[in-house]
Structure formats: structure tokens, C-alpha cells
Amino acid sequence: MRIVMMGTGTFAEPTFEAILEAFGTDVVGLVTQPERDGGNKRGSTRQTGKGMSHIARGSQRVAIIQPESINTSEGVAQLREMLPDLLVVAAYGQILSREVLTIPTLGTINVHASLLPKYRGAAPVAYAILNGEKQTGVTIIKVTPGLDSGDIILQESRAIHADDTTGSLEARLAGLGARLAVAAVSQYKAGPVAGTKQDPALVTKAPKITKNFGLIDWSQPAVSIERFVRAMQPWPTAYTFLHRPGKEPMRVIVNRAHVSEFEGMVRGDITTGLLCSGDLVGTLGVASPSGDLLIIDELQPAGKKKMTAEEFIRGYPLTAGMRFGPETLS
RNA sequence: CGCGGCGUGGAGCAGCCCGGUUAGCUCGCCAGGCUCAUAACCUGGAGGUCGUAGGUUCAAAUCCUACCGCCGCAA
């Protein structure tokens with residue numbers, strides 16, 4: 001059986017490695033994103049095809065293609081040359097056209113990081129954290145022209161930890177995805193594979209997240225903002241602007257925060273996003289409309305290193321009227 | 001040539017635009033004091049080539065140039 005892997009980035013890498021390990025010479029090709037340089041510096045979280053193609057080069061038999069789009073006539077032609085029987089997709093980042101899906105003789109399967117039919121789309125892990133889910137998982141589906149809507153082959157769930165970020169959770173799910181992908185491919189080697197239909201009533205969406213999505217909405221309850229901070233980590237990161245009387249707004253990334261254990265400790269009129277010194281020396285609290293405090297643990301002002309709230313306060317002493325908010329206050 | 005910010009005692013910042021006394025603030029550190037006691041308070045102290053190299057000037061942390069380093073944004 002000729003297997004072609006299609007995927008990008010840290011989520012796809014464990015699956016690719018596992019498939020190579022388990023099926024060795026059956027793996028004949030890799031389709032991944034082009035290695036855009038774009039002036040990428042160290043620490044960039046942008047996903048390119050680099051990691052994947054590096055893995056592929058470790059195994060001489062694997063042909064690599066990196067089309068800008070797999071759906072163009074060129075992309076289709078390149079894939080066709082690989083003569084794939086089974087296409088294994090994980091976080092490829094492009095929707096496959098009907099034509100592409102007709103190429104592999106046995107079909108195409110996708111490793112998706114959610115318990116489908118929940119969280120169809122590009123950012124299932126972030127949305128699961130954002131919504132405060134207690135668990136999520138990985139689903140292997142047959143790929144059909146609709147987005148993440150094919151029949152379910154395998155599915156396994158995992159708990160979401162209270163301190164999970166999109167990064168940490170995705171890493172765990174990537175490992176699970178790799179095991180399930182190997183199991184699914186084994187089924188294909190054994191014969192025809194059956195799937196279960198997704199229940200249309202349970203479908204939810206997890207659309208692609210963009211940079212601007214990271215702007216913190218301080219009118220949300222503290223618990224929601226705390227989840228938001230974790231969901232935006234490591235990309236695009238949750239950010240806000242520090243407003244000080246007489247100074248320009250300063251962009252600040254919030255890396256880590258927790259909800260104060262003292263519920264409803266803020267009384268009276270609440271100005272959204274108002275900063276206050278917390279219940280302990282060296283803590284930074286932000287008032288939320290629910291009356292709770294969101295305690296900021298680690299943040300990063302624009303152009304500076306990450307720092308603890310305590311360090312931040314030494315350099316930017318809290319003064320009356322200091323608050324967080326969008327770039328321009330209404 | 002993608003855009004931008006920053007390098008100031010151990011930490012985080014101010015001062016720079018509009019050059020000019022002992023380079024300031026919030027902490028930390030050391031010594032002493034106060035206190036039943038403290039992450040509290042008081043007094044004193046050590047610790048700085050203001051990233052590096054040039055330039056302008058009577059005078060540069062501050063203006064100019066180059067270089068090095070750190071970071072953010074650009075998916």
C-alpha cells in the first residue's frame with residue numbers, strides 16, 4: 001500500500017513519525033506547506049513545512065512536494081505522480097478539493113484534534129479551552145468534501161487540565177493522534193473500513209483564529225478571560241493595552257493569569273479593566289464585571305521581555321486611573 | 001533590504017525629543033535600629049565603563065554614524 005502523508009507543523013509531526021515507524025516502506029510521499037522564509041526569526045510560531053520535510057529526509061524513500069496550493073492543477077498533478085492508495089492528513093491547513101480526494105485509491109483520512117462533531121475547523125484545541133471544556137480528544141475521520149464532516153473511524157478522549165494552554169494540550173493530543181492514525185492505517189491495510197456518521201445536531205465550529213482575536217475583552221467575567229489567556233497561548237497570545245493618564249497606550253501581552261479565590265471581592269461601581277494592587281504585595285489584579293479579580297501572573301510589555309507581575313509593578317508603578325482596555329478607550 | 005521597540009548598579013523602569021550641578025524611582029543586597037513579631041517601618045551603606053566604537057561640542061545617558069545584543073509585530 002502506498003501511503004502519502006499530508007500535514008504541517010508540530011501537530012502533524014508525531015503522526016508522520018509514527019506512520020513512518022509503523023509502515024516504513026509503505027510511506028512514499030509527503031505533502032506539506034512551502035518553507036516560507038518571510039524573515040522568520042527565532043521563536044516564531046509560524047508553521048512552515050520545515051519540520052515535516054526534515055523528518056521525511058531522514059527516510060530516503062519519501063518524495064516531498066510543497067505546493068502553494070494542493071488544489072491547483074500543478075498540485076493535483078504532483079500528488080497524482082505519487083500514486084497514493086491512502087492519504088493521511090493532519091493539520092495541513094488547506095481544504096482538499098473534490099478532485100484531490102479522488103486521487104488516492106482507498107481514500108483519505110484526517111487526524112482532527114477534537115471530539116467530532118464538536119469543533120469542526122482550524123482551531124479546535126483553542127476553542128475547547130476557550131469554552132471551558134473538561135475534556136476533548138482526537139478523532140480520525142474519512143475525509144469528504146465538507147469541512148471535517150466525514151464518517152468517524154476512531155475517536156478517543158482526553159482530559160483538559162486546569163492549566164492547559166493550546167500549546168500544551170495540542171502537544172498531548174498530537175501524541176494521541178499519532179497512535180490513532182497508526183491504528184486507522186492498520187485497518188485500511190486489513191480491508192475495507194467502516195465509519196460512523198456524525199450527528200448533525202451536535203456540530204459546533206472552531207473557525208480559524210487570527211491575530212486580532214487575541215485582544216482581551218475586559219467586560220467578560222474573570223473566569224472567561226483566564227481561559228482566553230490560556231487558549232491564546234502560544235499563538236496569537238492574549239493582549240491588551242495599558243492606559244496611563246498622560247501617556248500613550250502601551251501594548252501588553254498577558255502570558256499567565258488566574259482568577260482570585262476571593263469571589264466578588266470588588267464592590268461598588270466597577271470600571272472595566274481597572275488595575276488594582278491585589279490582595280498581596282506584588283500582585284496585579286484587574287477588576288472584572290462579575291466582581292472577581294483576575295490576577296495577572298506574567299506579562300510582557302511591547303518590546304520588552306516577559307516579566308512577572310511583581311517586576312512589572314516595580315517598573316510601572318500603579319497609579320490612580322491606570323487601566324487595561326482596547327487601544328482606544330471609548 | 002518587511003515594520004517597530006529596547007539596551008541606564010543584582011531585577012524592573014524614569015531621565016533622552018528641548019545636551020550642562022551629587023544619573024533618579026520601585027525593589028533586592030549588606031549593616032544597624034524599632035518591634036512579641038513580619039513580605040512592615042526607620043537610619044546608614046556597598047554596588048553604574050548609562051550595550052560597544054567612533055563623531056559633533058567648552059560639555060554627551062541625552063545629538064549624529066556604525067556595529068553588537070535582546071524583544072515585539074508581521075501566520
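Predicted model only: the values in this text are computed from it and were never measured. So that the names make sense, note that chain A is the first sequence line, chain B the second, and so on, each numbered from 1.
- Take the nearest nucleotide of RNA chain B for A:K306 and for A:A302: the residue whose nucleotide is more 5' is A:A302.
- No side-chain heavy atom of A:R61 sits under 4.5 Å from any side-chain heavy atom of A:V27.
- Between the C1' atoms of B:G51 and B:A60, the separation comes to 16 Å (whole Å).
- Between B:C6, B:C73, B:C71, one nucleotide has an atom nearer to the side chain of A:Q300 than all others, and that is B:C71.
- Taking A:F228 as the reference, nothing meets the ring-ring contact (aromatic ring centres under 6.0 Å, His included) condition, with sequence neighbours excluded.
- Remark: the A:Q198 side chain and the A:R120 side chain contain an N/O donor-acceptor pair separated by less than 3.5 Å.
- Atom-to-atom, CZ of A:F312 to P of B:U26 comes out at 17 Å; the value is rounded to the nearest Å.
- Rounded to whole angstrom, the span from the CE atom of A:M250 across to the P atom of B:G12 amounts to 14 Å.
- Taking atom P in both B:A31 and B:U38, one finds a spacing of 15 Å when rounded to whole Å.
- For the P atom pair drawn from B:A66 and B:U26, the interatomic distance equals 38 Å after rounding to whole Å.
- Checked by atom type, the side-chain pair A:T165/A:Q233 shows no donor-acceptor distance below 3.5 Å.
- Between A:Y119 and A:D148, the side chains place no donor N or O within less than 3.5 Å of an acceptor N or O (distance only, hydrogens not considered).
- Closest contact between the side chain of A:K304 and the listed nucleotides B:G72, B:C13, B:A11 involves B:C13.
- Looking at the side chain of A:R314, the nearest of the listed nucleotides B:C73, B:A11, B:C13 is B:A11.
- Between the C1' atoms of B:U57 and B:U62, the separation comes to 13 Å (whole Å).
- In this structure, A:P236 and A:I209 have side chains that are in contact, with non-hydrogen atoms separated by less than 4.5 Å.
- Using a 4.0 Å cut-off, some side-chain N or O of A:K305 falls inside it from OP1 or OP2 of B:G12.
- Of the C1' atoms belonging to B:G9 and B:G47, the separation is 5 Å, rounded to the nearest Å.
- Base-pairing analysis of RNA chain B finds the following stems of at least three consecutive Watson-Crick or G-U pairs, with both pairing distances under 3.5 Å: B:2-7 with B:68-73, B:10-13 with B:24-27, B:29-33 with B:41-45, B:51-55 with B:63-67.
- Each of A:I253 and A:R244 lies near RNA chain B, and the nucleotide nearest A:R244 is the one positioned closer to the 5' end.
- Atom-to-atom, CG of A:N212 to P of B:G72 comes out at 18 Å; the value is rounded to the nearest Å.
- Rounding to whole angstrom units, CD of residue A:E68 and P of B:A75 are separated by 14 Å.
- Using a 30° and 60° split on the angle between ring planes, A:H243 and A:F241 fall in the tilted class, from 30° to 60°.
- Taking atom P on both nucleotides, B:A61 is separated from B:C50 by 7 Å, rounded to a whole Å.
- For the P atoms, the distance linking B:G7 with B:C13 amounts to 9 Å, nearest Å.
- Across B:A39 and B:C29, the matching P atoms stand 10 Å from one another, rounded to whole Å.
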